[in-house]
Amino acid sequence: MASGAELIRKAKEQITEVDPREVHELIGNGHRNGTVLVDVREQHEFEEAHLPGAVHVPRGHLESRIEGAAGDRSARVILYCASGNRSALAAKTLVDELGYEQAESMTGGITLWKDRGYDVEVPRRLTAEQRERYSRHLLIPEIGLEGQLKLLDAKVLLLGAGGLGSPTALYLAAAGVGTLGIVDDDVVDLSNLQRQIAHSNDRIGVPKVDSAEQAIHEINPDVEVVKYQTRLDASNIMEIIDGYDVIVDGVDNFPTRYLLNDATVRVKIPVVSASILGFDGQLSVFAPYEGPCYRCLYPTPPPAELAPSCGANGVLGALPGIMGVLQAIEVVKLVTGSGEPLIGRLLLYEALSTTFTDLKVRRDPDCPICSRDPESISDDEMGLFPDYEQFCAAAG
Ligand SMILES: [Zn+2]
């Protein structure tokens, strides 16, 4: 029976070994001619540092995962590990058992590579607490470490900390969205608490941005909250939305919706939009120039008497919960690039009958805003809409 050392020595005789200098030159001149560089170490070793551009296939998963990393068996595959032993055995497996024509092992592994002074990539990592906090995200392949890091880097702006904004804010905070901006000029009122779950009895009279910030930090102290205790209008919108990756629209009035649409089309920020009335909710994602914008769907506002913001309208308390959480999920999808966001689709939810209807919606080639070059949309044109006071007055 051969000893382990004997087995490694024999493997090295049978395979081709390549010096780190050659690998360094290959990486350095950019065009690797289809060569695949594979790190066969364990997860924690790879996460600590690896060669630039290396893909990770732990030796224990070599047979099941190598094809995903290096599908072409005739391509040159250079394997490395810590010292060149595990990669020699792995190269032998690839050649002998999996039919790879040019599987080679790098001499001395990443240890020799570093000794030669060559650069390594140190991937960003989560802290031990973050790994624990987001462990259920890390287990979903569509999110994983990469997606979680994207969430932590994301800046999401919530318009309104009311019925829709409350659940969205809480779930996005829990999901680890790094920066949450909140625009709301209102204070918490007793009548809000039937649905606006970011607020509480003891915070009645407190500005909603402050109350929401407190609720967010109780869930996740890592989230940076940027508060805008103001109304969004033509004079401040460009400044407020600047730098955000996604905007969550929970506003209850049409003039602001048009203004928001025109401004976000101009700077190409996607908007996850929801609205609610009674037992019914609507949801869509407006991704400028990818799908229709709000004006493509609603070229003219509805009759004023149907506008929900013109007076106190009834709404089932749990309904904004459903719609706000759906908004939070769309945000997570947009940020992480997973799944198919609700672009070019309008989702209707009817709570009384418990039905979801998914309608296709198209861009309007004559849309006054998104059919044009974004550069040509002027400040004066944004949010062009009949005067809101008049609009509501017309409702009687
Ligand atoms: Zn449009």
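One-based numbering, in listed order, for ligands and for the atoms of each.
When the salt bridge (Lys or Arg N to Asp or Glu O under 4.0 Å) test is applied to Arg362, no partner is found at least two apart in sequence or on another chain. In this structure Gln14 satisfies the side-chain hydrogen bond (donor to acceptor under 3.5 Å, both in side chains) test together with Lys92, sequence neighbours excluded. Every residue two or more places apart in sequence or in another chain that forms a side-chain hydrogen bond (donor to acceptor under 3.5 Å, both in side chains) with Glu104 is listed here: Arg76.
Taking 2.8 Å as the limit, the number of protein N, O or S atoms around the Zn ion (ligand 1) is 4.
By the 30° and 60° cut-offs, the orientation of the rings of His50 relative to Phe46 is parallel.
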- Task: Tell me, with the steps shown, if Glu48 and Arg41 meet salt bridge (charged side-chain N to carboxylate O under 4.0 Å, His left out).
- Result: CA-CA 11 Å; Glu48 210 145 284; Arg41 296 173 303 156; over 6 Å; no
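In this structure, a donor-acceptor pair under 3.5 Å is absent between the side chains of Ser376 and Asp373.
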